[in-house]
Visitor: 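Quick one: this structure, given as structure tokens, is what I'll be asking you about.
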Amino acid sequence: MKERLRRLLVEAIAAAVKEGQLPGDAAGVEVYVERPPRSEMGDFSASVAMGLAKVARRPPIQVAEIILSHLPSDPVVEAAEIAPPGYINFRLGPRWLTDAVAECLTRGSDYGRSDWGAGRRVQVEFVSANPVGPIHIGNARGGPYGDVLASLLEATGHHVTREYYINDGPENTQIVVFGGSVQARYLQALGVEAALPEGGYQGEYVTELGQALAAEHGDRYRNVPQDEAGALLFFGLVRDRMIQVLQEDCDALGISFDVWFSEQGLYDSGAVEAVVKKLMDLGAAYERDGAVWLRSSAYGDDEDRVLVRQSGGPTYLASDAAYGLNKFLERGFDHVIYVWGPDHGGYVARLKAALAALGVEPERVEIIIYQIVRILRGGEPVRMSKRAGNAIWLRDIIEEAGRDAVRFFFLLRSVDAHLDFDLELATRQSEENPVYYVQYAHARTYGIQKEAAARGFPGPSTERLELLSHPAERDLMRYIADYPGLVSDAARQRAPHRLTHFALEMARAFHQFYDRCRVLDPANEELSAARLALVVATGQVLRNLLGLLGVSAPERM
RNA sequence: GCGCCCGUAGCUCAGCGGGAUAGAGCAUCGGACUUCGGAUCCGAGGGUCGGGGGUUCGAAUCCCUCCGGGCGCGCCA
């Protein structure tokens, strides 16, 4: 609807320019249509006239008058008025709302979907936590975010691949330390005196891994030296188990990845070596001090970065460049979104530099950094470190609060904002969690339908939707009408939190409607049928919303 | 020191393609139909939008600067 009004305005301005009433450069201005702050001001408004006042060298009100005099007629526009200091306010006929209800019922679960993505192939890579332990609350945030972002892109006509990058490469020091930790726990399980490596992983699950290895293999690996090679050997023994743990965690969150991509695979195929050579051939990398450097400073980074160490081992940047080449060149994604944690902020410039050096257009690379999650327990911050072993596992939180609440809670805030997750609040007060408010609204739409059937009311009908004229009905219908625009806005802005906020507002509009408008009125069957249609459409939109959020939409609670 | 993010009601946060009287939830206080689910609804109080400059007809929103908080600045990932 905004778009429809916007076109009317653009046409009107063009016509005015043609007749010489507005200067030529007026035709190029951006026109935005928005919601006025109060409903008495109309259904939609535009402030173009104020923006044009300067170039037109006329007062805004006059500009608005000129625009209005050229405004093409549209059956849905009941009135277009000018309000000081120069707003153009549109008052629309009831059809634009009731048509939305009808359209929602016709399109069902497709309502809100669009095709502006035109089938572009987009990859969203997220979570990608190192395979050295279960997902903890600190790196869990990317899960719901990436998953819902992917859903939003799907809903707007993109072809989306959800991908998890497994950092199981041999050059990953975390892998080495982790493997060494497993080895130490294995030896201890055999009764051998063994110390954890420097900065080793102290989590209980590591002890369990060691014990499991001892039970399975006995003392077969007892004499493996406690060095890097030994650590990697032990990592190899538990690698599949660790990936399985990560997959189970993602399952528990309701996330299903299309691709689990192994960094080790890039080494095995020679892709890492090849990309370094390619960068050298391109002149984007050079040797110095026995290391190979990426000329990243020529591509926007502060300084050049090491690709291959003096020791001969490639850095993470080298395998990431190879991975990028794989994404863009081999698999041909049009656009790639990386969802990273806050500790990766310093890495953005160098990855972009590497990809730019390889010829990937910068606009195809998008890196989103979400902000830190702070864990509180009753208001007190809880420190956590995977290595220290006092991490808070995602799985435990899900068990306590439930998947729906965890996802909804994580999606309540903008990615740019820090997120406080208070365990006590998420568990003790789980009944007051906002997710229940929305789910209850959805369940209520079912309750009403069931009651209608039980009492023998005729089913929902769109025949007399014009009977829906109560302010609460109009408010509610407005959410239904706005929903498709919300989905494309949220996708464009990479802002899943717009969905949770909209869901809460719409649920409130529905509860208000329920409170003020009796749906099932035996004395007025036509009105009842129309209201029932509104109830069904509301349930449909809530269900579509919750579907995008990956939160269940129960029929009763 | 440099880079990124944040600073809006007591608390947690929306709003930030500049626009009309700045919003919500929680918390506090006070209310609601003998009826479709009270996990609901209504009302009230509560604000120098961190401070200061600037751009503009108009700034929570854009620019500069200062203050406060978080994160990052490795031949770790």
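Reminder, nothing fancy here: chain letters follow the sequence lines and each chain counts from 1.
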Visitor: More than 12 non-hydrogen atoms from neighbouring residues, nucleotides or ligands closer than 6.0 Å to CD on A/Glu3, yes or no?
Guide: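 Enclosed.
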
Visitor: For the side chain of A/Arg518, starting at C-beta, report the closest nucleotide among B/U12, B/U35, B/U40.
Guide: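 Nearest to the side chain of A/Arg518 among the choices is B/U35.
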
Visitor: Rounding to an integer number of angstrom, what distance separates B/G51 and B/C11 when you compare their P atoms?
Guide: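 The same atom, P, in both gives a distance of 15 Å.
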
Visitor: Go through B/C57, B/A77, B/A20 for me and flag the one nearest to the A/His344 side chain.
Guide: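 So the nucleotide nearest the side chain must be B/A77.
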
Visitor: For A/Glu34, report the nucleic acid contact type (base, sugar-phosphate, nothing); a contact means any heavy atom under 4.0 Å.
Guide: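 A/Glu34: no heavy atom of the nucleic acid under 4.0 Å.
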
Visitor: At under 4.0 Å between heavy atoms, what does A/Ala443 touch on the DNA or RNA strands: base, sugar-phosphate, or nothing?
Guide: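 The residue A/Ala443 makes base contact.
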
Visitor: Please indicate whether A/Arg492 has more than 12 foreign heavy atoms, meaning atoms of other residues, nucleotides or ligands, lying under 6.0 Å from its CZ.
Guide: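 Check passes, neighbour count above 12.
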
Visitor: For the C1' atoms, the ones on B/U12 and on B/G3, what distance do you get once it is rounded to whole angstrom?
Guide: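 After rounding to an integer number of Å, I get 28 Å for this pair.
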
Visitor: Is any side-chain N of the basic residue among A/Lys327 and A/Glu163 closer than 4.0 Å to the acidic one's carboxylate O?
Guide: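 No, this pair does not count.
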
Visitor: Touch check for A/Ser414, heavy atoms < 4.0 angstrom, all strands: base, sugar-phosphate only, or nothing?
Guide: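 Sugar-phosphate, no base atom in range.
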
Visitor: Looking for any heavy atom pair under 4.0 Å, which part of the strands does A/Lys450 touch: base, sugar-phosphate only, or nothing?
Guide: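 Nothing, no heavy atom under 4.0 Å.
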
Visitor: Rounding to the closest angstrom, what is the interatomic distance between B/G37 and B/G17 at atom P?
Guide: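 The same atom, P, in both gives a distance of 42 Å.
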
Visitor: Do we see a donor-acceptor contact under 3.5 Å between the side chains of A/Gln512 and A/Asp475?
Guide: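 Short answer, no.
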
Visitor: Mapping A/Tyr32 and A/Arg556 to their closest nucleotides on RNA chain B, which lands nearer the 5' end?
Guide: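 Its nearest nucleotide lies further toward 5', so the answer is A/Tyr32.
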
Visitor: Assign A/Gly290 to base, sugar-phosphate, or nothing according to its heavy-atom contacts below 4.0 angstrom with the strands shown.
Guide: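 The answer is nothing, as A/Gly290 stays clear of every strand by at least 4.0 Å.
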
Visitor: Is the shortest side-chain heavy-atom distance between A/Tyr201 and A/Val182 below 4.5 Å?
Guide: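 A/Tyr201 vs A/Val182: side chains apart.
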
Visitor: Pick base, sugar-phosphate or nothing for A/Pro36, based on heavy-atom distances below 4.0 Å to the nucleic acid.
Guide: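 Base, at least one base heavy atom under 4.0 Å.
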
Visitor: I want to confirm an ordering. Mapping A/Gln310 and A/Gln493 to their closest nucleotides on RNA chain B, which one lands closer to the 5' end?
Guide: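 The residue closer to the strand's 5' end, by nearest nucleotide, is A/Gln493.
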
Visitor: Name the closest nucleotide to the A/Gln512 side chain, picking from B/C41, B/A14, B/A39.
Guide: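 It is B/C41.
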
Visitor: Look at the side-chain N and O atoms of A/Arg508 and state whether any lies under 4.0 Å from the OP1 or OP2 oxygen of B/G25.
Guide: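 A/Arg508 to B/G25 OP1/OP2: side-chain N or O found under 4.0 Å.
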
Visitor: For the side chain of A/Arg309, counting heavy atoms from C-beta on, which of B/A39, B/C75, B/A20 is nearest?
Guide: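 Nearest to the side chain of A/Arg309 among the choices is B/C75.
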
Visitor: Can you give the dot-bracket line for RNA chain B, using ( ) for pairs inside the strand, [ ] for pairs that cross earlier ones, | for pairs with another strand and . for unpaired bases, where Watson-Crick and G-U count if both distances are under 3.5 Å?
Guide: (((((((..((((.....[...)))).(((((.......))))).....(((((..]....))))))))))))....

Visitor: Would you measure the distance from the P atom in B/U65 across to the matching atom in B/C2 and give it in whole Å?
Guide: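 Result for the P pair: 10 Å, nearest Å.
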
Visitor: Taking the side chain of A/Arg444 as its heavy atoms from C-beta onward, which of B/U12, B/U40, B/G15 lies nearest to it?
Guide: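 From the listed options, B/U40 comes nearest.
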
Visitor: Taking only the side-chain nitrogens and oxygens of A/His511, find out if one of them lies under 4.0 Å from OP1 or OP2 of B/G38.
Guide: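 It does not, given that no N or O in the side chain of A/His511 lies less than 4.0 Å from OP1 or OP2 of B/G38.
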
Visitor: Taking atom P in both B/C5 and B/G10, what distance in whole Å separates the two?
Guide: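 Between the two P atoms, the distance is 27 Å.
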
Visitor: Of all the nucleotides listed (B/G37, B/A77, B/C75), which has the minimum atom distance to the side chain of A/Tyr316?
Guide: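 The listed nucleotide nearest to A/Tyr316's side chain is B/A77.
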
Visitor: Where the side chain of A/Thr173 is concerned, which of B/A39, B/C41, B/C76 is the nearest nucleotide?
Guide: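 Within the option list, the nearest is B/C76.
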
Visitor: Quick one: which of B/A39, B/C36, B/A14 gets closest to the side chain of A/Tyr436?
Guide: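 In terms of side-chain proximity for A/Tyr436, the closest of B/A39, B/C36, B/A14 is B/A39.
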
Visitor: Can A/Gln202 and A/Leu196 be said to form a side-chain contact (heavy atoms from CB on, under 4.5 Å), step by step?
Guide: CA-CA 8 Å; A/Gln202 301 187 26; A/Leu196 279 181; 3.8 Å; yes

Visitor: All N/O contacts under 3.5 Å from nucleotides 3-10 of chain B to the protein, with atom names and distances to one decimal?
Guide:
{"residue": "B/C5", "atom": "O2'", "partner": "A/Asp416", "partner atom": "O", "Å": "2.4"}

Visitor: A/Asp43 pairs by salt bridge (Lys or Arg N to Asp or Glu O under 4.0 Å) with which of A/Arg35, A/Arg4, A/Arg474, A/Arg91?
Guide: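 For A/Asp43, the salt bridge (Lys or Arg N to Asp or Glu O under 4.0 Å) test succeeds with only one of A/Arg35, A/Arg4, A/Arg474, A/Arg91, which is A/Arg474.
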
Visitor: What distance, rounded to whole Å, do you find between the two P atoms, one in B/C6 and one in B/A22?
Guide: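 One P to the other, the span is 24 Å.
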
Visitor: If we take the P atom in both B/A14 and B/G7, what is their distance in whole Å?
Guide: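 Rounded to whole Å, the distance is 7 Å.
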
Visitor: With a sphere of 6.0 Å drawn around CZ of A/Arg288, does it hold more than 12 non-hydrogen atoms of other residues, nucleotides or ligands?
Guide: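 Result for CZ/A/Arg288: enclosed.
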
Visitor: Would you classify A/Asp301 as touching base, sugar-phosphate or nothing, given that sugar-phosphate means primed atoms plus P, OP1 and OP2, and contacts are heavy atoms under 4.0 Å?
Guide: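 No contact.
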
Visitor: From B/A77, B/C75, B/G37, pick the nucleotide closest to the side chain of A/Tyr514?
Guide: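 When the side chain of A/Tyr514 is considered, B/G37 is the closest of B/A77, B/C75, B/G37.
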
Visitor: Under 4.0 Å between any heavy atoms, over every strand shown, what does A/Ile372 touch: base, sugar-phosphate, or nothing? Just pick one.
Guide: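 Sugar-phosphate contact only - A/Ile372 comes under 4.0 Å of backbone atoms but never of a base.
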
Visitor: Checking A/Ser297 against A/Asp304: is there a side-chain donor and acceptor pair closer than 3.5 Å?
Guide: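 A pair is found: one side chain offers a donor N or O, the other an acceptor, under 3.5 Å apart.
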
Visitor: With a 4.5 Å cut-off on side-chain heavy atoms, are A/Phe410 and A/Ile137 touching?
Guide: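 Yes - at least one pair of side-chain heavy atoms lies under 4.5 Å apart.
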
Visitor: Pair up each side-chain donor or acceptor in residues 442-454 of chain A with any protein partner under 3.5 Å, not counting sequence neighbours, and list the distances.
Guide:
{"residue": "A/His442", "atom": "ND1", "partner": "A/Pro554", "partner atom": "O", "Å": "2.9"}
{"residue": "A/His442", "atom": "NE2", "partner": "A/Arg543", "partner atom": "NH1", "Å": "3.0"}
{"residue": "A/Arg444", "atom": "NH1", "partner": "A/His511", "partner atom": "ND1", "Å": "3.0"}
{"residue": "A/Thr445", "atom": "OG1", "partner": "A/His442", "partner atom": "O", "Å": "2.6"}
{"residue": "A/Tyr446", "atom": "OH", "partner": "A/Arg543", "partner atom": "NH1", "Å": "3.3"}
{"residue": "A/Gln449", "atom": "NE2", "partner": "A/Thr445", "partner atom": "O", "Å": "3.1"}
{"residue": "A/Glu451", "atom": "OE2", "partner": "A/Arg455", "partner atom": "NE", "Å": "2.9"}

Visitor: Counting side-chain heavy atoms from C-beta on, which of B/A14, B/U40, B/C75 comes nearest to A/Tyr440?
Guide: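 The answer is B/U40, which lies nearest to the side chain.
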
Visitor: With rounding to whole Å, what would you report as the distance between B/C75 and B/C63 at their C1' atoms?
Guide: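 So the two C1' atoms sit 40 Å from each other.
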
Visitor: Check the pair A/Tyr479, A/Leu542 against side-chain contact (heavy atoms from CB on, under 4.5 Å), reporting the backbone distance first and the verdict last.
Guide: CA-CA 10 Å; A/Tyr479 281 98; A/Leu542 287 175; over 6 Å; no

Visitor: Determine: side-chain N/O of A/Arg516 to OP1/OP2 of B/C42, distance under 4.0 Å, yes or no.
Guide: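 For A/Arg516, the contact criterion (side-chain N or O under 4.0 Å from OP1 or OP2 of B/C42) is met.
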
